[in-house]
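Only heavy atoms go into these numbers, but all of them, side chains included; no hydrogens, no water, no symmetry mates. All chains are named by letter (A, B, ...) in the order of the sequence lines, taking the proteins before the strands, and each is independently numbered beginning at 1.
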Amino acid sequence: MERKDFVYRTELVKKLREEGVEPYPHSAKITHEIGDIVDRSEEFMGKKVAVAGRIYGLRFHGKLAFATLRSNGRDIQGFFRYDVLGEKKYKFLKKYVQRGDFIWLHGEVIRTKRGELSVLADDVRLISKSLYDLPHEWFGIGDVETRYRQRYLDLLLNREPFELFWKRAKIVEEMRRFLWSRGFLEMETPVLQPVYGGANAKPFKTHVNALDRDYYLRISDELYLKRLIVGGYTKVFEISKDFRNEDIDTTHNPEFTMIEAYWAYADYNDMMDLTEEMIKSIAKALGIEKVNFRGKEIDFTKPFRREKMLDLLAKRGITKETDDEEIKTMLEEYNIKLPRYERGLALGKLFERVCEADLHEPVFVIDHPKETTPLCKLHRNDPDLVERFELYVGGMELANGYTELNDPMLQEKFFKDETERRTLGDEEAHQYDADFVEALRWGMPPTGGVGIGVDRLTMLLTGQESIKEVILFPMLAPKEE
RNA sequence: GGGCCUGUAGCUCAGCUGGAAGAGCACCUGGCUUUUAACCAGGUGGUCCGGGGUUCGAAUCCCCGCAGGCCCGCCA
């Protein structure tokens, strides 16, 4: 059974065509965007304009009618008078034009008796017929599933997400502007990779018919951007969609956006400075100082603290003196399973479990045990650690950076260690990337790198606690009919 | 993977101690020359998520399934 509104409106389209009116014309030339007129209304007063937009409200009042027109999130009122518009067009409006339709109208910018900025129409055209009744904005769309599956309805009827995704676009724009201003070049590296790397994660597998080879969707673009540093660039970045074949929850989506930046001759301290300055400049550009997140305030104007991971663990009673047996007991208590006991890995896992959730105000956690990643340079003062940082905000990991490992022989060894972990059953261990080792053998300068989760940054800057709220089309199970 | 919750008109929701499917808005018809959630009068509209069961009778109770949300587990 077809929807009643669809049947009725489809019939109207048919009638329009019978009368020689095309309900979906090719263009509708406007003189101004609605927002421009609203922003500079006094300048436009008394002038003739042509505007277009979707009808959110249509109020017939005998021989008068008022329409709320919206375009790009901005509203202006269309004012139709029988005597100004003429009988034919007025009747057309009444018979064929409904809420949800797009119209074009021409007329003088005025204010009505109630002071509402309006265009007093002397001409009106239907420029796109909607075949469904637009739900009322007053009630909005509340059903979360509808909001995600039909995001356009969410954007059309709920103000908050419309503005939120505008902000997300601004965040990405500011990110680019910031890095461009620092001399970084925006690069594009492969999404389809024969060997995946740069993170601990399960990949999506695909097949390249032309080569008859299995490929992977990237889990990170790290190893390719570093090849570009080998290639001679000193500052590169990429905003990349990465793919990780893992669970979907409030902070994870299988497809997500990451920005990675690599900077030759710099180290992890420089990258922390860069990260902090970038986030603060984005927040400033958006006029954001403090955000309420998970019930607590985050102040983006204060300096980001830097804490050593081992110091944070020590505050929880896990120190150098804690012996391996005690740590193994703790792993069991927290139900953490490692393919094989390695102290450094265990400490990294315990940190996530014990400390992570409490890191609310921005803090760089630095100097991780060396077993936590194979891509990072050993610490200049302690061979058991690496020069790594993770930025935690709101209890989430927001960024991850290193003084990049550029010693090809050590890189080879670390990849071998990962291969061993893989054979022991660690599905997320890194793959051995011989081509990347080859690149390092040609020489990569000392380099600092960082990756920042764009979705999570958007969550933090907008106070949204679910990643689905900041991804336009979050992954959902396909609906079968 | 485990627990809790949700699914009723186009939208927002009520009905849930079993007994004739409802409201507001939207939509349609009529009225109205300053409305803006317009108003007034009348009207149309339902696979009560799907399947099975209990019962004289199920939107309501039971079982299975689907989809979504939250929490936990797992995981960047």
Side-chain angles (χ1 to χ4, degrees), chain A residues 1-9 11-12 55-70 75-85 90 94-95 98-100 110-118 120 130-150 153-154 156-158 198-202 219-220 242-254 256 258 334-337 348-349 352-353 356 372-373 390 392 396-400 426-428 451-453 455-456 465-469 474 476-481:
Chain A
M1 188 60 185
E2 295 276 21
R3 288 175 57 153
K4 185 189 64 171
D5 52 352
F6 180 78
V7 172
Y8 182 81
R9 285 173 178 242
E11 190 57 32
L12 279 188
I55 299 173
Y56 270 68
L58 188 54
R59 302 173 288 280
F60 282 96
H61 203 112
K63 288 189 164 65
L64 286 182
F66 302 91
T68 305
L69 275 193
R70 179 170 301 172
D75 292 357
I76 199 164
Q77 181 166 262
F79 182 20
F80 305 93
R81 281 171 48 165
Y82 186 88
D83 52 358
V84 174
L85 194 58
Y90 192 85
K94 187 151 191 182
K95 186 172 178 188
Q98 298 167 290
R99 292 177 64 255
I110 58 150
R111 281 195 189 279
T112 58
K113 283 182 187 170
R114 293 287 177 90
E116 183 76 27
L117 186 67
S118 308
L120 175 59
S130 167
L131 298 182
Y132 295 120
D133 293 341
L134 191 67
H136 210 291
E137 193 182 25
W138 182 258
F139 298 102
I141 300 276
D143 180 55
V144 178
E145 197 177 343
T146 307
R147 290 188 46 233
Y148 297 156
R149 285 190 197 281
Q150 294 176 278
L153 289 179
D154 187 31
L156 236 29
L157 297 162
N158 299 323
N200 301 311
K202 293 173 206 153
I219 59 172
S220 153
D242 293 348
F243 307 86
R244 299 187 184 176
N245 210 340
E246 284 161 6
D247 271 359
I248 303 174
D249 62 29
T250 45
T251 54
H252 298 86
N253 193 62
F256 66 103
M258 179 109 102
Y334 287 110
N335 196 28
I336 300 169
K337 292 181 190 74
K349 292 284 181 192
E352 285 174 16
R353 189 61 52 85
E356 182 172 324
T372 58
T373 168
E390 291 178 298
Y392 285 92
M396 286 190 299
E397 183 196 342
L398 177 61
N400 180 25
D426 184 354
E427 282 184 82
E428 299 188 345
I452 303 170
D455 312 286
R456 288 181 179 184
E465 292 176 17
S466 168
I467 202 167
K468 289 192 174 75
E469 293 294 338
L476 300 176
K479 195 110 180 172
E480 286 166 35
E481 289 298 335

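Distances were taken from every side-chain heavy atom of A:N335 (C-beta onward) to each of B:A26, B:G73, B:U34; the shortest belongs to B:G73. Nearest to the side-chain atoms of A:K468 among the listed nucleotides B:C75, B:C32, B:G69 stands B:G69. The nucleotide whose nearest atom lies closest to any side-chain atom of A:F139 is, among B:U12, B:A38, B:G68, B:U12. When the nucleotides B:C74, B:G45, B:C71 are ranked by their closest atom to the side chain of A:T250, B:C71 comes out on top. In this structure, the nucleotide among B:A38, B:C75, B:U12 sitting nearest to the side chain of A:H136 is B:A38. Closest to the A:D249 side chain, of the nucleotides B:C32, B:C74, B:G10, is B:C74.
Between B:C74 and A:R353, a contact under 4.0 Å exists linking OP1 or OP2 to a side-chain N or O. Contact annotation: A:Q77 does not reach the phosphate of B:U34 (side-chain N/O to OP1 or OP2, under 4.0 Å). Phosphate contact (OP1/OP2 of B:U34, side-chain N/O of A:R81, threshold under 4.0 Å): absent.
Ring orientation note: the planes of A:F79 and A:F66 are close to parallel, at an angle under 30° on the 30°/60° scale.
Cation-pi geometry between A:K349 and A:Y334 is not met at under 6.0 angstrom from the ring centre and within 45 degrees of the axis.
Here, B:G24 and B:G15 have their C1' atoms 15 Å apart, quoted to the whole Å. Comparing the C1' positions of B:C66 and B:G50 gives an interatomic distance of 7 Å, to the nearest angstrom.
A donor N or O paired with an acceptor N or O is found under 3.5 Å between the base of B:G73 and the side-chain atoms of A:D247.
A:G57 comes within 4.0 angstrom of nothing in the nucleic acid, heavy atoms only. Heavy atoms of A:Q98 sit under 4.0 angstrom from primed sugar atoms or phosphate atoms, though from no base atom.
As the counterpart of B:U29, B:A41 is assigned, both hydrogen-bonding distances of the Watson-Crick or G-U wobble pattern falling under 3.5 Å.
Heavy atoms from other residues, nucleotides or ligands lying under 6.0 Å from CD of A:E427 number 12 at most.
Between the side-chain ring of A:H61 and the base of B:A38, a stacking contact exists by the 5.5 Å and 30° definition.
Salt-bridge formation is detected for the pair A:R9/A:D133: a Lys NZ or Arg NE/NH1/NH2 atom is positioned less than 4.0 Å from an Asp or Glu carboxylate oxygen.
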